[in-house]
Amino acid sequence: MNLLIKSPLSARIGLCIVLFNIIVAIFAPLIAPYSETEVVGDVWEQMSGNSLLGTDHLGRDLMSRLIFGARNTIALAFITTMLSFLSGTTLGFVAAVKGGWIDNLFSRIIDIIMAFPTLIFALMILSVMGSSVMILIVTIAMLDSTRVYRLARAVAMDIEVMDFVEVARLRGEGLWWIMRREILPNAMPSLVAEFGLRFCFVFLFIASLSFLGLGLQPPLADWGGMVRENAGAITFGIFIPLIPAAAIAFLTVGVNLIVDWFLHLASGMHN
Amino acid sequence: MKPVIWLILRRAGFGFLTIIVISLIIFIGVELLPGDVAEAVLGQNATQETVEAFRKALKLELPPHVRYWVWLTDFVQGDFGRSLANGREVSGLIGWRFANTLFLALTTAAIAIPLSVMLGMMAAFYRNTLFDKVISITTLSFISFPEFFIAYILITLFSVQFNIFPSMANINESMTLVAKLHAVLLPALTLTCVVTAHMMRQTRAAIINVLASAYIEMAELKGIRRLRIIMRHAFPNSLSPVINVVALNLAYLIVGVVIVEVVFVYPGLGQLLVDSVSKRDIPVVQASGLIFAGAYISLNMMADILSMLANPRLRQSQTS
Amino acid sequence: MKSENLLQIRNLFIEGFYENQWNTIVDDISLDLKRGEVLGLIGESGAGKSTIGLAAMGYTRQGCRLASGSIKLDGMELFGASEEQLRSIRGEKIAYVAQSAAASFNPSHRIIHQYAEGPVQHGIMDYEQARKNAVKIYDRLFLPDPEKIGLKYPHELSGGQLQRAMVAMSMSCEPDIIVFDEPTTALDVTTQIEVLASVKEITEKMNKAALYITHDLAVVAQVAHRIMVLRNGGLVEEGETRRLIKKPKEKYTRDLLSVRTLSEDKNDEDKTDVILKVKDVYATYNGVDNVLEDINLTVRQGRTVALVGESGSGKSTLARVITGMLPATRGEISFLGQPLSPDLKHRDKNNLRRLQMIYQMPDTALNPKQTVRTVIGRPLDFYFGTRGKEAEKRIRDLLTRIELEPAKYIDRLTPELSGGEKQRICIARALAAEPDFIICDEVTSALDQLVAEGILALLQDLQREMNISYLFITHDLATVKAIADKIVIMLEGRIIEQGEKTEVLTPPHHAYTDKLLASVPVMDPDWLDNLLDKRASTFLS
Amino acid sequence: MTDRTRLEDLLKKNKISRRQFIAQTSALGLAAAVSPGLFAGTARASVPKKGGRFIIGCTGGSTTDSMDPASLTSNMNQNLNWQIRNNLIEIDHDFNPIPELAESWDSTPDAKKWSFKLRKGVEFHNGKTMTAEDVIFSINHHIGEESKSGAKGYLKNIESIKADGKYGVVFELSGGTADFPFIMGDYHLTICPSGTKGQEWEKGVGTGGYILKNWEPGVRAFTVRNPNYWKAGRAHFDEIETLSIVDTNARTNALKTDQINYMDRVELKTVHLMKRMPGINVTATTGTAHYTIPMLVNQTPYNDNNVRMALKLAVDREELLKQVLRGYGELGNDHPIAPVNRYYAKNLDQRRYDPDKAKFYMKKAGALDHTFNLHAADAAFPGAVDAAILMKEQAKKSGIDINVVREPDDGYWSNVWMKKEWCMCYWGGRPTADMMFSVAYADGAPWNDTKWSHKRFNELLIAARAELDTDKRRKMYGEMQEICRNDSGTIMPMYNQMVEASSDKLDHGPISGHMALDGMRNGERWWFK
């Protein structure tokens with residue numbers, strides 16, 4: 001709370017944007033004028049009283065899909081990012097605290113995974129395992145966690161050299177306490193900042209996957225998928241796909257405004 | 001041995017080792033891909049009989065470790081084998097496509113790196129001003145769009161509306177360099193939009209980080225002009241993170257541009273790899289996978305080595 | 001015709017932005033500086049002395065602003081001057097020597113290029129001319145190989161050399177005034193002399209005016225003609241150096257001048273039990289070069305052993321070896337008569353509990369995300385399983401014991417504490433484990449003089465009460481004199497002399513000990529001159 | 001523009017002699033139908049002109065493509081195949097077999113033995129003269145143990161192929177096959193020089209109107225006109241560039257910006273917009289292509305015909321046609337025979353959306369609480385996923401619960417089709433009823449994607465195949481269509497039109513519905529105005 005009061009205007013704007021999106025996502029069924037899949041008109045209708053933002057490529061109400069899309073997009077991205085952070089941070093912290101061969105082993109494995117083109121890696125896994133939401137989440141989380149690992153390890157290394165960690169070691173504390181109570185709270189700002197960035201990348205990544213025919217199961221709406229489905233219209237001067245794209249951009253900018261603030265806090269810790 | 005050379009050799013050795021491990025993983029991983037080459041290649045035309053015939057023709061029944069050994073030794077000698085799908089030399093399939101991929105990556109890099117480093121420096125110079133914020137939000141918005149969407153917008157604007165650049169970048173060897181550059185400008189611009197934000201933000205952060213150093217204050221107290229401080233004092237010391245982020249983005253440009261290739265009909269390696277994965281064309285997947293991994297690793301290695309050289313502490317350590 | 005006062009500051013107020021508002025950090029300061037005069041600014045941290053020094057150059061750090069007053073440099077008003085005007089005087093008319101040369105030299109440029117940058121950029125001379133001047137001044141400041149030293153990178157020079165190179169750099173444009181901002185604070189006592197000599201060379205022989213900023217009265221007494229004592233941004237007292245030292249008017253000044261005598265000598269050495277015995281210990285970081293060689297020492301119950309040496313002498317490494325952070329490669333450590341496993345991982349909880357450590361930087365020794373309650377409560381829980389009300393009571397007791405009011409501090413996050421308070425919390429954390437032996441690693445060197453004395457007094461009290469033994473690592477001989485029972489002197493990873501305090505401090509001593517003792521500034525304005533005269537033949541040639 | 005009118009055209013311009021004309025028309029079996037007054041010389045409007053570079057943007061090209069006729073899988077190399085090679089017979093836009101490399105053909109009354117007379121003096125691009133040996137080699141390439149050809153299935157009943165002199169080939173079949181000439185028109189069965197093997201296929205030596213100069217699979221192919229092409233009045237372009245453009249928007253943009261002259265698979269969502277664009281012609285051709293939604297009838301609950309009937313009735317074909325095909329197609333009636341087929345059963349009732357009846361049948365089957373997993377990917381056909389979603393919504397009204405499972409495009413044909421219980425599928429169709437039924441509905445057919453087996457249906461199939469009497473065949477095929485409609489495991493909601501777009505600088509005769517890109521022969525049939 002104290003932090004909030006001291007936060008700069010930009011962070012507050014970001015917070016409002018994110019909160020707005022979350023509220024829309026949670027109350028989607030109450031807000032949306034139509035259901036996610038209902039066909040309400042012709043294809044790519046202009047904005048009208050019937051459908052406030054027009055209709056999509058199947059004649060579904062764009063606004064409703066946008067609202068439900070917020071739900072799917074945010075939930076999916078959130079779960080995926082959480083998962084990647086859980087695994088990436090845990091491994092990164094262990095590597096930093098334990099050091100030695102464990103660190104070397106983990107880091108080399110991560111290096112190797114990172115050496116493969118992400119999209120192609122995902123493509124291979126998804127084409128083999130099928131693109132159910134579960135597999136989608138796990139795959140992206142795994143690919144993402146490599147980058148989280150790197151950051152978590154680097155940040156933890158910085159913290160690990162601090163005397164208070166040595167104090168804990170000298171006290172005889174175990175790995176869990178050191179990771180959870182000594183390192184994690186101090187790594188938080190950097191991790192939160194990265195969380196924001198990763199979070200945004202996840203739905204862009206899903207959009208890329210759906211471009212290649214993988215991605216979220218239709219008829220579920222996700223913003224990236226919506227851009228993809230309607231993208232053909234743009235070359236004919238129909239601006240329907242700009243709307244979900246703008247939604248993505250809006251949320252990304254919002255998240256990044258908060259991220260910037262946290263980065264600022266993170267840098268403050270080192271000074 | 002001189003320490004810095006030793007460090008570089010050690011780093012290079014590590015890179016080499018990683019590539020070897022990756023070659024093994026690629027081989028095993030691709031071998032484990034479920035689904036049958038024959039079925040995938042024949043697609044809807046696959047019948048029991050045709051599939052059997054296909055398998056036999058390609059000697060798929062040989063044990064994997066024998067094939068790995070043959071593959072690796074051949075690969076080292078530059079023989080990547082033949083495509084299972086159409087029997088062409090893999091090296092012939094990959095060679096010119098890889099050149100194309102590099103061409104696009106370098107064209108993009110030539111635009112994106114100076115642009116983002118410059119923007120990053122300016123944002124750091126004018127930090128927390130309106131200019132800084134506008135650049136930050138603009139670049140952020142660019143990365144918030146899926147890249148195919150940026151591509152479509154650019155095509156709509158520059159090819160369909162104004163007809164300045166072609167919407168297709170299907171370059172071929174009979175074109176002149178200028179014609180090629182003209183053709184790849186739109187895909188290069190698309191990729192620039194994608195990578196600039198990242199590089200610019202990193203540059204800005206690195207420089208701002210350095211600007212907090214005592215030697216920057218010292219330079220100010222020596223009465224040095226601000227621009228010179230940024231260029232001479234801050235930038236050289238923020239090179240290491242900048243080099244790293246540039247390398248990361250170069251690697252992305254080489255290995256991650258499938259979508260841009262599809263949208264612009266660009267004959268690069270990405271499309272080949274995607275097609276080969278879906279058709280289970282194992283030799284092509286293995287070879288291009290290894291080339292991608294190699295590109296990624298050598299770029300990272302070069303970044304590390306350059307960072308070492310950029311740091312006088314390491315560069316000069318042989319004299320002390 | 002230049003005005004008599006090179007620098008004239010009148011009624012200066014400077015504000016800093018923190019806790020969401022502008023606060024006064026320099027409060028109504030006026031000063032004058034004449035050509036050839038050195039003015040010392042002295043005070044503890046937060047006294048605003050650096051801020052004043054920078055303000056003299058028309059410069060404020062980020063988050064600060066010049067609020068009101070007047071700063072006239074050679075007749076030119078800096079208040080409200082344009083960036084370009086200010087830029088033109090910085091370096092050229094008034095130069096700056098920073099506390100840490102290691103941080104203030106750009107690591108990626110050669111020394112000479114950084115020297116020449118000022119004059120070339122100001123258009124005073126070309127690079128070749130600047131280089132020639134540099135060689136002259138390097139020579140004058142006794143830098144080795146003045147022709148070539150400029151071609152080196154900052155990391156290739158030692159701390160003392162670098163600091164002198166920075167003094168030389170401040171002279172590159174031949175400014176009228178030089179601001180020395182704690183130029184010797186980061187240095188060992190022996191190197192401090194070299195830099196002080198350089199400062200003296202510049203100010204006296206080259207007749208430059210200077211502001212000399214420091215927290216150490218003994219140091220400033222050697223170079224300054226006049227001294228201003230500052231506290232909390234305001235002026236406490238101002239006076240001619242000799243007068244101020246002899247007859248300080250204010251109590252605060254007297255406190256700063258007071259000599260520390262804390263411990264009574266205990267010469268009943270043999271009568272108490274040996275707590276810690278280090279025998280023939282060797283240690284290495286890279287497996288090849290020994291950083292510690294042949295270390296032997298004992299610590300007895302209720303006694304304080306001071307481990308003295310310059311930076312890099314291996315004293316902190318020895319602490320790491322004793323705690324098991326860096327397992328010894330050879331030799332044996334026994335604790336309370338039992339051999340102690342060299343590696344921390346193999347030590348039992350009881351041994352870990354009985355051997356505690358307190359660190360130099362209380363800022364980094366306390367997790368900024370924990371409250372005082374957690375910091376002190378954790379060892380209680382960890383070692384004794386004390387939780388809930390009992391723990392609460394114990395924490396409050398400990399806070400009371402370290403002279404901090406429990407109700408006020410128990411729920412604070414550690415960054416909300418001052419340096420001295422933090423160090424007290426660190427002590428409480430060590431006490432919570434009910435240890436027999438505490439390693440104190442430079443526990444006072446990051447603290448202001450008066451605060452440090454408070455901490456030392458507290459440690460003494462605790463020792464008397466609880467019969468705790470200390471291994472007291474320090475580079476500050478004054479502290480050693482104040483609290484040690486036994487002194488161990490280290491140089492380059494070896495112990496070169498050890499014994500009872502009186503024994504070590506009384507001549508004849510080892511040559512290095514002698515140099516070390518001689519280098520500690522004394523509150524006597526003539527001390528430096530005498531020392532330099534004495535050493536002239538050996539040191540300065 | 002038919003071959004006849006084309007010949008008439010040439011005659012008028014004195015490009016061929018009267019004697020040549022008669023020879024050619026009689027070869028076509030058209031002599032009786034010569035336009036009255038032709039020899040008097042009637043003027044015609046559009047005349048094929050030679051010249052220009054024709055640039056085609058194709059879907060489906062893949063880097064794994066090969067020019068081996070045994071493995072032609074994409075539009076790109078199928079089209080290229082007919083730029084550079086010829087078959088024994090050609091299937092014209094009216095679905096008639098017309099002579100190509102074979103001048104004429106004949107069969108025994110039981111349709112078990114077919115003899116083809118080859119055209120003389122036709123040269124391959126490498127200068128070699130085409131003879132019976134080459135024909136036998138080319139057909140045999142698709143037969144036998146080692147063959148991995150997609151045409152292998154059609155050729156199963158060939159017992160022997162023999163040369164009858166240098167310019168005659170005789171096929172002996174194990175069973176009567178009235179439609180055998182159509183089989184010889186299949187795109188796989190192009191004639192290549194005898195002895196071609198391995199990488200030599202990629203050189204693309206054939207007898208066709210264009211010579212392959214450059215071929216990079218999945219990227220581009222480049223051909224130039226064969227200067228001594230034997231077929232008169234065909235192959236008008238100087239050169240053809242065939243580009244693989246997988247992304248629909250990229251194709252559209254390329255056409256709009258004049259970088260290509262022709263594109264296949266126009267995105268139906270944007271057809272109406274495309275039509276408005278100046279300089280672009282959109283053509284929509286109904287052919288044999290259709291969408292199916294096969295269920296594996298050997299699995300519960302699909303083994304119950306009530307379930308199949310219920311699902312057939314629960315589909316609103318009109319809406320699918322409108323939404324997925326944007327009207328570019330025709331309603332399907334749950335059997336695969338297209339209206340363009342001469343045996344199409346016109347008298348069968350059109351199946352309509354009837355939620356109540358669907359519910360009735362489903363209730364009867366006791367499967368109302370079953371969740372029907374419908375597997376879909378756009379690899380099946382563009383809009384397949386959308387269609388599945390629409391079906392889900394439509395079936396809701398009957399209380400039927402459909403769960404759409406989106407599958408990856410990659411590997412769809414090997415992992416989903418014929419493996420999952422109910423999925424989306426596409427058939428290009430076959431020019432004859434026999435081929436269509438044999439390939440996917442006959443008992444034990446390798447591509448019988450429903451595992452459906454109907455005794456009466458299978459008997460009729462054999463009988464009709466050997467029946468040379470048209471009326472009897474019509475009756476048999478009619479009955480088979482009805483059986484298929486009411487019992488088979490396939491929902492056939494609609495025939496899709498092939499919607500393609502081209503620059504209005506191009507001209508052409510009537511467009512064939514046989515395959516996309518004007519029966520894959522736009523290279524030799526089209527010309528620049």
Query raised in the report: If you count the non-hydrogen atoms of other residues, nucleotides and ligands that lie under 6.0 Å from NZ in C/K208, is the total more than 12?
Result: yes
Query raised in the report: Is it the backbone or the side chain of C/I89 that comes under 4.5 Å from a heavy atom of chain B, or both, or neither?
Result: neither
Query raised in the report: Under a 4.5 Å heavy-atom cut-off, does chain B meet the side chain of C/Y59, its backbone, both or neither?
Result: side chain
Query raised in the report: Looking at side-chain heavy atoms only, is the closest gap between C/R87 and B/R226 below 4.5 Å?
Result: no
Requested in this report: For residues B/M218 and C/F105, determine if any side-chain heavy atom of one lies less than 4.5 Å from a side-chain heavy atom of the other.
Outcome: no
Requested in this report: State whether the number of non-hydrogen atoms from other residues, nucleotides or ligands found under 6.0 Å of C/E310 atom CD is greater than 12.
Outcome: yes
Query raised in the report: Among side-chain atoms of B/H233 and C/E117, is any donor-acceptor pair under 3.5 angstrom?
Result: yes
Query raised in the report: Looking at CD of B/E220 and CG of C/L86, how far apart are the two atoms once the value is rounded to the nearest 0.5 Å?
Result: 11.0 Å
Report summary line: Value for CG (C/L54) from CG (B/L221), rounded to nearest 0.5 Å, stands at 6.0 Å
Report task. Please indicate whether B/F142 has more than 12 foreign heavy atoms, meaning atoms of other residues, nucleotides or ligands, lying under 6.0 Å from its CZ. Result -> no
Query raised in the report: Do other residues, nucleotides or ligands put more than 12 heavy atoms under 6.0 Å from C/M76 CE?
Result: yes
Query raised in the report: Do C/P154 and B/Y215 come within less than 4.5 Å of each other through their side chains, counting heavy atoms only?
Result: no
Query raised in the report: Would one find more than 12 heavy atoms of other residues, nucleotides or ligands at under 6.0 Å from atom CZ of B/F16?
Result: no
Query raised in the report: So, are C/E83 and B/R225 salt-bridged, with charged N and O less than 4.0 Å apart?
Result: no
**Report entry** B/R228 versus chain C, the contacting section by heavy-atom distance below 4.5 Å
**Finding:** side chain
Query raised in the report: Just wondering, more than 12 heavy atoms not from B/K180 lying within 6.0 Å of its NZ?
Result: yes
Requested in this report: Measure distances from C/E84 to the heavy atoms of chain B and classify the residue's part below 4.5 Å as side chain, backbone, both or neither.
Outcome: side chain
Query raised in the report: Given a strict heavy-atom distance threshold of 4.5 Å, which part of C/A103 is in contact with chain B: side chain, backbone, both, or neither?
Result: both
Query raised in the report: Among B/V210, B/I224, B/L239, which has the most heavy-atom pairs under 4.5 Å with chain C?
Result: B/I224
Requested in this report: Anything in residues 121-133 of chain C with a heavy-atom distance to chain B below 4.5 Å? Please list those residues in order.
Outcome: C/Q121, C/H122
Query - C/E492 atom CD, over 12 foreign heavy atoms within 6.0 Å - result: no
Requested in this report: Quick one: pull up NZ in B/K222 and OG in C/S172 and give me the separation to the nearest 0.5 Å.
Outcome: 7.0 Å
